2 protein chains.
Amino acid sequence: MNATIPHTTPTPKAARLPEELVASSTFLLKRLGFAAKEQSLAAYEQTGVHPYHHAILIVLDERSHETQGSIADALGYDRGQLVGLLDELEEKGLVQRRRDPNDRRRHLVTLTPEGTKMLRRLRALATEVESDFLSPLTDIERAQLHGLLFRLAEKHEPRCALSVPPPDAPSDAAG
Amino acid sequence: MNATIPHTTPTPKAARLPEELVASSTFLLKRLGFAAKEQSLAAYEQTGVHPYHHAILIVLDERSHETQGSIADALGYDRGQLVGLLDELEEKGLVQRRRDPNDRRRHLVTLTPEGTKMLRRLRALATEVESDFLSPLTDIERAQLHGLLFRLAEKHEPRCALSVPPPDAPSDAAG
DNA sequence: TATTGTTATACTCTATAACTATA
DNA sequence: TATAGTTATAGAGTATAACAATA
């Protein structure tokens, strides 16, 4: 390795990202979103289900007897993708599908008692992952961050908008 | 459609995400990271290059004559992946590879004048995308958001850390 | 033997659309 | 004809590791 003189290496050994990229919030969002996804996946491995499954269970816990289409729409999943996810949840006994007697094309999906139990476990895990991911921030900073992310999500992920502003109210109030 | 009585639809037509998910910052980070990626990809289509290519050009603009390994390390890319990206940049005449005479295993990569020109264009485009993505926020809020994201990135994307804390300083000070 | 760059392979995701059964 | 769910297929993207040249 040409090791007579250690070259004084003024450039740091640990490779750093260009400041220009680090200065970009969208760049950081992409990287952090990826990191959050990876950490979630690693944590969920022990449970045998994917964060996708967790989201489905949450939807069913809010309003059971959803149709597959309404679940897919609520989460932004493709309907074809949802079929496989529900197959897996059903195999594990966490949800149950039955035909809607009023429209036999539809499946009504419900949470089983085992599904409710799993959901409890997944909620605890998700809280843990979130808390760990945000650990560099104080509680106040976490609230600030969430508020800012939510404002962006209202625009870029409209499904996040919690309430549709009433037509006669000034729309600014909803922000 | 069984259209005698319109059902009064108390559930909103627009499918909404469960509040539980929207309340999670890591969930929002994942979705926003994905949205940022999608918007970048759409914007970069007109240029014929990918955001990956842009990042490589930025690295070369900071410090030319990088080896392929150091570029990959700086950006966190796989070295095998980088080969193809550099092939594409070279085909377009934006970068040039030549062997390092001091170590003939290595390739030194440099920006061509065309690459510099393209980089100018890409910088303008990236600024536009960023500005549009953050448009719901005021300048002060944008700065707040970036500060918070950066603090998270220092932990979850160590390549973002701008300066290595001096060994004699208390490590807590580095956040 | 270890490292740089290259190539090949395989695997995961996702997007698309064809297909069925019901309406 | 249109819709809900299902299935199959293809494509992009990514990760892994085998490989040749050089140290």
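Here is how names work: the chains are called A, B, and so on, in the same order as the sequence lines, proteins then strands, and each is numbered from 1. What you are looking at is a predicted structure, and each value in this text was computed from that prediction instead of being measured.
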Euclidean distance, atom CD of residue A:E90 to atom C1' of D:dT6 [Å, nearest integer]: 13 Å

Given D:dG5, C:dG5, D:dT22, the nucleotide with the shortest approach to the side chain of B:D103: D:dT22

Interatomic distance, A:L86 CG vs D:dA4 P [rounded to whole Å]: 15 Å

Touch class at under 4.0 angstrom, heavy-atom based, for B:R97 against every strand present: sugar-phosphate

Any B:E66 side-chain heavy atom under 4.5 Å of B:H107 side chain: no

Residue mapping more 5' on DNA chain C - nearest nucleotide basis, A:K37 or B:G84: B:G84

Position toward the 5' end of DNA chain D (nearest nucleotide), A:V83 or B:D100: A:V83

Same apolar cluster: B:L149 and A:F34, side chain cutoff 4.5 Å: no

B:Y52-B:L75 co-clustered via ILVMFWY side chain contacts under 4.5 Å: yes

Out of C:dT6, D:dG5, D:dT7, whichever nucleotide has its closest atom nearest the side chain of B:R79: C:dT6

Whole-Å distance separating the CG atom of A:L82 from the C1' atom of D:dT7: 14 Å

Distance-only donor-acceptor test (3.5 Å): side chain B:R106, base C:dT4: no

Sugar-phosphate, base or nothing in reach of A:Y52, heavy atoms under 4.0 Å: sugar-phosphate

Side chains of A:H50 and A:Y44, donor plus acceptor under 3.5 Å: no

Out of D:dA23, C:dT14, D:dT16, whichever nucleotide has its closest atom nearest the side chain of A:Q81: C:dT14

5′-ward residue of the pair A:R99/B:S70 relative to DNA chain C: B:S70

Any donor-acceptor N/O pair under 3.5 Å between D:dT22 base and B:R104 side chain: no

Lys/Arg N to Asp/Glu carboxylate O, B:D61 vs B:R120, below 4.0 Å: no

Closest nucleotide among C:dT7, D:dT6, C:dG5 to the A:H107 side chain: D:dT6

Residue closer to the 5' end of DNA chain D, A:D78 versus A:R105 (nearest nucleotide): A:R105

